[in-house]
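Note that the coordinates shown come from a computational prediction; the quantities given were computed from them, not determined experimentally.
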Amino acid sequence: MLRRLPRLFAFHAVLLVLAGAFLLSGRGDVEVDASTRVLMAGDARNRETYEQVSSLVPEQTLVLVAARLPGLFSNDGAACVRDLGNRLWSIPDVTEVKSLFHSTRPVRKGFGLDFQTFMPERATAREWKQIRERVLRHPMSRNVLVSDDGRHAVFLVFLERTLAGVADGRVLRDQFYDAVAPYRSLSEDITLISFPFVEVEMHDDLARDVRRFAWMVGLLIAAILAVTFRSVWLIVLLLIQSALGLGLPSMLLSGAGSSINLYTGLLYPLTGGVHLTFLTHLYVALRRSLHGGLNERDACAAAVAHTLRPSFFATLTTCLGFLSLLFCDVGLVRELGIGGAGCVLGAFLLTYLGPVVVAGPSRIFRSPRAAIPPEESVVHARHTALAGFIVRHRRLLLAGYALLLLLAVVPALRIRTDIRAMEFLRKGSESRKALELLNRDLGGFNLFQATIDTKTSDGIQDVRVLRYMDELRAYAAKVPGVADAYAYSQVFTMMNNIWEGEAPGTEVLPENPLTLFTFKKLVNSQRMLFQDQFVGGKRESALFLVRTRDMPARDYLAIIENITAHARQHLPKGVTFEPVEGIHSLLEGDRRMVNSQSGSLLTTFAAILACLTLAWRSPRPGLLSIASNLAPV
C-alpha cells in the first residue's frame with residue numbers, strides 16, 4: 001500500500017500545494033482582534049455604557065486608577081493622592097487628571113461661589129473625619145473619586161492620544177505602570193483599568209492560548225492517527241493536508257476584510273476537526289480497498305464512492321446549522337455563521353477534489369461500494385453482537401433515552417445568553433480584577449441613560465420639573481440593585497447644602513422662590529462638570545442616569561422597567577421621559593437573542609429534516625436522526 005500511495009496521490013499533492021499557496025496567501029492581512037467592539041458584541045448593557053461614556057469624553061482616552069490606601073483621609077493619604085496625581089500628569093499627552101486633590105467642589109463665598117479641592121493638603125483628625133463624611137456624601141465624588149467604603153482613591157486620567165493598535169496600547173500601559181510603580185509599596189493595592197489595556201491583555205491571552213492549543217492538539221491528533229493507521233508516511237500526509245486546510249479561515253477572513261477575534265477564532269479548530277474527519281474516513285476506506293486487491297485508481301474510486309455521499313450530507317447539514325446563525329442579532333455571530341459554512345464546504349472540497357480528479361468521475365460513479373471488503377471478522381462479530389443487543393433491548397434503551405432527554409430539558413431552560421464582556425478575561429488577570437473592583441466598590445459599570453425633555457428654554461429649571469427629577473432620583477436610588485442615580489436637580493440640592501453650611505439633611509430643594517432664583521443665576525454663570533453633555537444647549541432637556549452593579553439580565557431589565565414606569569406615571573405636563581437608545585434596545589435585546597437562538601435551532605432542524613427526507617426518500621429516517629440529536633444538543 002505504501003509503495004502505491006506516492007503514485008496514487010502525486011497529482012493530489014500538486015493540487016494541495018496550489019490550494020495551500022492560494023489559501024495561505026491571505027494570512028498576512030489577518031490579525032488577532034481584541035477590540036472593545038468585539039469584546040462587547042454580545043454584551044448590550046456594557047456596550048451602551050461604554051458608548052455613553054465615550055460620548056462624554058469624545059476623542060479622548062480614559063484611564064481609571066484606583067489606589068487602596070490604609071489611611072486615605074489623613075495628612076499622609078492626602079500627600080500620596082497629590083504626588084500620585086502629579087506623577088500621572090507627567091505622562092505624555094495627558095490633558096486632565098481628576099482626583100480628590102486635583103478636582104474642585106463649589107463652596108459659598110458671600111453671595112457667590114468659590115471652588116476648593118475635595119481634599120486639603122493638611123487637616124486635623126477631627127477635620128479629616130468631617131471631610132470623609134462630606135466626600136462620601138457629595139454626588140460629584142461618591143463612587144466617582146472615592147469608593148463606597150472610603151478606602152480607594154480614584155484618579156480619572158484623560159489623554160489625547162490616538163491608539164492605532166495593540167502595540168500603542170501596550171506602550172500606554174507600560175507608561176502607566178511605570179508611573180504608579182513607586183507607590184505600590186505605599187498602597188495596599190493599585191488597580192488600573194482602560195479599554196486599551198483590556199485589549200492588550202485579551203490579545204496576549206488569545207495568542208498564548210492558540211499556541212498552547214496548537215501544540216497539544218497536534219500531538220493528540222498524531223497519537224490517534226498513529227494508533228489508527230500505523231504508517232508514518234500516511235500520518236505525515238494527513239497532517240500536511242490538515243495543516244493546509246487551516247488556511248481556509250485565514251483566506252475567508254482576509255477576503256471578507258475581517259480579523260481573528262474571540263468569535264471567528266473558533267473557525268480554526270472547527271475547520272481542522274472537520275477536515276481531519278473527512279480525510280480519516282477517506283483514507284480508512286482507501287486502505288481497505290487497497291488491501292482488497294484493487295489497483296490504484298479503482299481503489300481510489302471505491303474509497304470516494306464509499307465516503308463521498310455521507311461526507312456530502314454531513315457537509316450540507318453542518319452548513320445549514322452555521323447558516324442558521326444568520327438569525328442572530330449579534331453581527332459577529334452572523335459573521336461566524338457565514339465563515340463556518342464556508343470553512344466546512346472548503347474542507348469538503350479540499351478533501352475530495354484531488355481524489356476525484358485522480359480516480360476520474362466516471363470511474364467513481366461506476367464503482368460499487370461493495371468493492372471495499374468488510375472489516376476483519378473479530379470487529380465484524382463485535383458489531384453484529386452490538387446490533388443484536390440493541391434490537392433485543394430497544395424498549396429499555398428508548399426509555400433510558402427519553403429519561404436522558406427530560407434531564408437535558410432542565411439545564412436547557414436555564415441557558416444564560418447575557419454573557420458579560422468581563423467573562424472573556426481569565427480569572428486573576430489585572431483587567432478582570434479592575435472590573436470586579438469597579439463593580440463591587442465603585443458603583444458598578446451598568447449605566448442606564450434617559451432624557452427628560454421639557455421642549456422649552458430653561459424648562460429643566462422650572463420648579464415643577466426640578467421636584468419631579470429629585471423625586472425620581474430618590475425613588476430610583478431606593479430600588480434594590482441600584483447603586484446610584486443622577487439628575488440635574490442634584491445641582492440645586494448641592495447648592496442648598498452649601499448655602500446651609502453643609503449641615504446634614506440640607507441636601508434638598510429650597511422652598512423659598514427667591515433662594516431658588518439665586519441658585520439659578522449662580523448655576524447659569526458657572527461651567528459645571530460635563531455641562532454640555534448632560535444639559536441641553538438652552539437648558540430645555542437634561543440626562544437622567546441610573547448606575548447598577550452587574551446582575552442577571554432579568555433582574556436588570558426589571559429595574560429599568562420599574563424606573564421607566566414610575567418616571568412616565570409621574571411626568572409633569574408637557575415633559576417627556578425617553579431612554580437615549582430607545583427602550584426596546586434595553587428591554588428586548590436579551591429576549592431577541594433568546595428568540596433568535598430558538599429560531600436558529602428550529603430552522604436548522606427543519607432544513608436538515610428536509611434534506612434527509614429527500615436523500616432517503618422517507619421522512620422517518622430523518623425524524624429518527626433528529627430525535628437522536630436532541631439530547632446531545
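One finds the CG atom of Asn439 at 8.0 Å from the OG1 atom of Thr548 (value rounded to the nearest 0.5 Å). Atom CZ of Arg392 sits about 11.0 Å away from atom CG of Leu397, to the nearest 0.5 Å. Remark: Cys319 SG to Ile338 CD1 distance equals 12.0 Å, nearest 0.5 Å. Once rounded to the nearest 0.5 Å, the distance linking CZ of Phe195 with CG of Leu62 reads 9.0 Å. The CZ atom of Phe348 lies 14.0 Å from the OG1 atom of Thr277; values are rounded to the nearest 0.5 Å. The CZ atom of Arg432 sits 10.5 Å away from the CD atom of Glu201 when rounded to the nearest 0.5 Å.
Counting only heavy atoms from C-beta outward, the side chains of Phe278 and Thr307 never approach each other to under 4.5 Å. Two residues are said to be in side-chain contact when any heavy atoms from C-beta on lie closer than 4.5 Å; Leu270 and Phe322 meet this criterion. The shortest distance between side-chain heavy atoms of Ser618 and Thr613 does not fall below 4.5 Å. A 4.5 Å side-chain heavy-atom check between Leu336 and Leu267 finds at least one atom pair inside the cut-off. Looking only at side-chain heavy atoms (C-beta outward), Leu64 and Leu192 stay at 4.5 Å or farther from each other. Inter-residue side-chain proximity for Leu286 and Tyr283 is flagged as met; some heavy-atom pair is nearer than 4.5 Å. At least one side-chain heavy atom of Arg309 sits less than 4.5 Å from a side-chain heavy atom of Phe313.
Nearest heavy atoms, Ala285 versus His306: CB-CD2, 4.2 Å. Here the closest non-hydrogen pair linking Ala302 and Ser289 is CB-CB, 4.4 Å. The two residues Thr271 and Pro249 make their nearest non-hydrogen contact at OG1-CG, 3.6 Å. Annotation for His275 and Ala347: closest pair CD2-O, 3.5 Å, computed over non-hydrogen atoms.
Legend: side-chain hydrogen bond (donor to acceptor under 3.5 Å, both in side chains) pairs involving residues 310-320, not counting sequence neighbours, sorted by first then second residue: Ser311-Tyr352. Contacts classified as salt bridge (charged side-chain N to carboxylate O under 4.0 Å, His left out) and involving residues 206-226 (residues at least two apart or in different chains) are given here: Asp205-Arg208, Asp209-Arg212.
Salt bridge annotation for Glu430-Lys433: present, with a cationic side-chain nitrogen under 4.0 angstrom from a carboxylate oxygen.
Side-chain N or O atoms of Arg394 include one that pairs as donor or acceptor with a backbone N or O of Val391 at under 3.5 Å. Under a 3.5 Å cut-off, the side chain of Arg549 and the backbone N or O of Arg440 do form a donor-acceptor pair.
Other residues, nucleotides and ligands contribute more than 12 heavy atoms inside 6.0 Å of the OH atom of Tyr401.
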Show the atom names and distances, to 0.1 Å, of all donor-acceptor pairs under 3.5 Å that link a side chain in residues 163-171 to residues at least two apart or in another chain.
{"residue": "Asp168", "atom": "OD2", "partner": "Ala164", "partner atom": "N", "Å": "2.8"}
{"residue": "Arg170", "atom": "NH2", "partner": "Asp204", "partner atom": "OD1", "Å": "2.5"}
{"residue": "Arg170", "atom": "NH2", "partner": "Asp204", "partner atom": "OD2", "Å": "3.1"}

- Message: Leu282 vs Val304, test: side chain to side chain contact (heavy atoms under 4.5 Å, CB included). Steps then yes/no.
- Response: CA-CA 7 Å; Leu282 177 64; Val304 172; 4.1 Å; yes
